[in-house]
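Some notes on the structure that comes next.
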Amino acid sequence: MMGRDRFISKVSFPQAKRVGNPSLNKKRFRTSRNDIQSNLHMNYLEKAKLFCFFLLLGVFIMPFSSHAFHLESLKPVAAPKDNPQTPEKIELGKKLFFDRRLSGDGTMSCVTCHDPETGYTDQLAISLSYPTTKNWRNSPSLINAAYNTSLFWDGRAQSLEKQALFPMMSAFEMNQNLDFLEEELKSVPEYVESFRKIFGGEITREKIAMALASFQRTIVSKNAPVDKFLDGDTNSLTPEQNRGYEIFTGKGKCVQCHSGANFTDSKFYNLGVPENPALLNDPRVTATMRFTAKVSGYKDYRTLTEDPGRYLVTKNKKDWKAFKTPGLREIALTGPYMHNGVFETLDEVIEFFNKGGGEDKNRSPLLEPLNLTHEEKQTLKVFLTEALKGEVTVVKTPEVP
Amino acid sequence: MEDYKGKIRLVVKHYPYKYRDFSHIAAEASLAALDQGKFCEMHEYLLEKSPRLDRNSLIRYSGDVGLDIKKFTGSLDSMKHLKIIERDKKLAVDMDLYNTPTFFINGRKVVGNRPYEVFKKIVEEELK
């Protein structure tokens, strides 16, 4: 049995069983229909009872159907048609990734917050920032960002090309003026020649973003034990990892949101994650939060006391404090965890979910206490840290022109 | 430093931020305090008082931490320690360092302000 089919049959999560094995459900329904047809003399009361039964059954099944899930092994990264991968473009993107010219004062490059040596993060709860300012959110790892259909914790960009310019322009990240950057790069003959050869024409911000995106599409973690497992090799996980997998897909309910090849559904949820105390204790972090809310068009930004998350993008109340489900590959490398790094360790994260998430009136209804035992929590951690650990792209510092 | 007395040594290098009005004179102030044996006291005080680090404030702070104000002011105004600061800046550039603070703990690079536990973990590992 291969990948997804085998996965479905192994799952012990009761909701998954209902959704995941349609043939069984169909068979049950078919039998019921035959029963109805053979009982033409059934009285109205019985028919009404049956109608109510199916109505109720439908009500129960519908919510489960909306959270159907799957896991699958990682496939090669797909590049958009208008920005195909070429070795030269990737190399150019790598140089730009390491180039401090991309920041206003020449002190920061992309590497500052996405260091290849530390899981393409900066390993801080709240990310590093432009000198004299403070950031307000955690720096997400770039590992497998190429698979994401939405970027940033609030999902404000849908592709790596659209994502790339945001941090450069951000006052508290790289604080660069893009018109100035274009001119600055045009003053470097090697860049002028590279852009001309690769894209044709002169250097533009769009081409800078395309080159950076091409490089970032090479930053992947692949061939993790879980990939072979999902492709049918049952021996690729150790017994403990296997038990962790059962918890991940069963009692732990992790797979409700951490699904797909990159272990994320790319959706947004309010988990009731506690605010990082720095959000209100450090005036510079508060300033960054309110500035971001202001430029996002949130009129009450002056009195804001919590991170509105996805709401600032959609202005939809249901998205208040909702953040993107992060992918879980190489999770051992990418702490501290959550959008504000409020959990230092995976143990804290697992305990948070075990308790059914945090306190918030808009918390996702998907969260509820899991009642995992100490051993189950440890086993789940083994699955996360070992089975999702693959081969990560090694990047050496290039010679920046 | 108190937790690892006698086991570790702290070496401070200066890297005043080029776009801050008073960061250079603040580096001068901390070295002027070093001459009077109160570098750490002044350093901590300046971090607490930042960004109000203009000349007059620095002179006031020197009194607050118990320095000889006249000596301190003379050192500040003559930029007595300019060579040391320029030497440190060159070292940082030569090492391709641009972020402050940057730490090297037995050669292990740590960029940015980090929780105490991060330093403790590295120090413990390096002391083994």
Side-chain angles (χ1 to χ4, degrees), chain A residues 98-135 138-139 171-176 276-278 281-285 287 335-336 340-345 347-348 396-400, chain B residues 12-27 30 43-44 46-54 57 85-86 88-126:
Chain A
F98 280 80
D99 195 335
R100 290 189 307 277
R101 292 186 184 93
L102 268 56
S103 64
D105 67 348
T107 62
M108 302 180 78
S109 66
C110 306
V111 178
T112 307
C113 301
H114 302 285
D115 190 343
E117 298 289 317
T118 53
Y120 294 87
T121 73
D122 58 13
Q123 293 188 323
L124 281 166
I126 290 180
S127 181
L128 290 166
S129 56
Y130 191 75
T132 76
T133 73
K134 285 283 178 79
N135 209 316
N138 177 267
S139 167
F172 54 89
E173 290 173 80
M174 300 171 90
N175 200 17
Q176 178 60 292
N276 189 313
N281 293 346
D282 187 331
R284 286 181 293 176
V285 181
N340 55 9
V342 79
F343 299 132
E344 191 67 33
T345 64
D347 294 309
E348 290 171 67
K396 285 184 181 162
T397 307
E399 202 168 305
V400 174
Chain B
V12 177
K13 297 286 177 188
H14 299 267
Y15 198 13
Y17 181 50
K18 58 187 173 181
Y19 295 125
R20 271 291 207 201
D21 291 346
F22 306 124
S23 60
H24 201 285
I25 196 173
S30 66
H43 182 74
E44 293 294 322
L46 294 182
L47 288 175
E48 189 188 318
K49 295 291 183 184
S50 174
R52 194 180 286 270
L53 300 172
D54 56 283
S57 297
I85 296 167
E86 292 301 326
D88 288 357
K89 278 162 68 177
K90 185 177 179 307
L91 175 68
V93 172
D94 289 348
M95 292 174 75
D96 201 31
L97 301 176
Y98 288 86
N99 304 107
T100 54
T102 296
F103 304 87
F104 282 89
I105 305 171
N106 256 13
R108 287 169 66 174
K109 184 177 164 185
V110 182
V111 178
N113 281 323
R114 310 243 162 197
Y116 172 70
E117 288 67 31
V118 172
F119 292 102
K120 186 178 166 70
K121 184 172 175 284
I122 297 173
V123 169
E124 297 283 354
E125 286 168 5
E126 292 301 316

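Letters A, B, ... mirror the listed sequences (proteins, then strands); counts begin at 1. Given the structure is predicted, the values throughout are model-derived calculations rather than measurements.
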Problem - A:Thr112, part contacting chain B, at a heavy-atom distance under 4.5 Å - result: side chain
Handout entry: Test item: side-chain donor near acceptor, A:Ser127 and A:Asp122, under 3.5 Å
Key = yes
Problem - Interface moiety of A:Gln123 toward chain B, non-hydrogen atoms closer than 4.5 Å - result: both
Practice task
Taking all non-hydrogen atoms of both residues into account, name the closest pair between A:Val400 and A:Arg101 and its distance.
Solution key: CG1-NH1, 4.1 Å
Exercise for the section: May I ask you to decide whether B:Lys120 forms a salt bridge with B:Glu124, counting only side-chain N to carboxylate O separations under 4.0 Å? Expected result: yes
Problem - Nearest non-hydrogen partners of A:Asp105 and A:Thr107, listed with the distance - result: OD1-OG1, 2.8 Å
Handout entry: Which atoms of A:Leu128 approach chain B - backbone, side chain, both or neither, heavy atom under 4.5 Å
Key = side chain
Practice task
Could you tell me which portion of B:Lys18 (side chain, backbone, both or neither) has an atom closer than 4.5 angstrom to a non-hydrogen atom of chain A?
Solution key: side chain
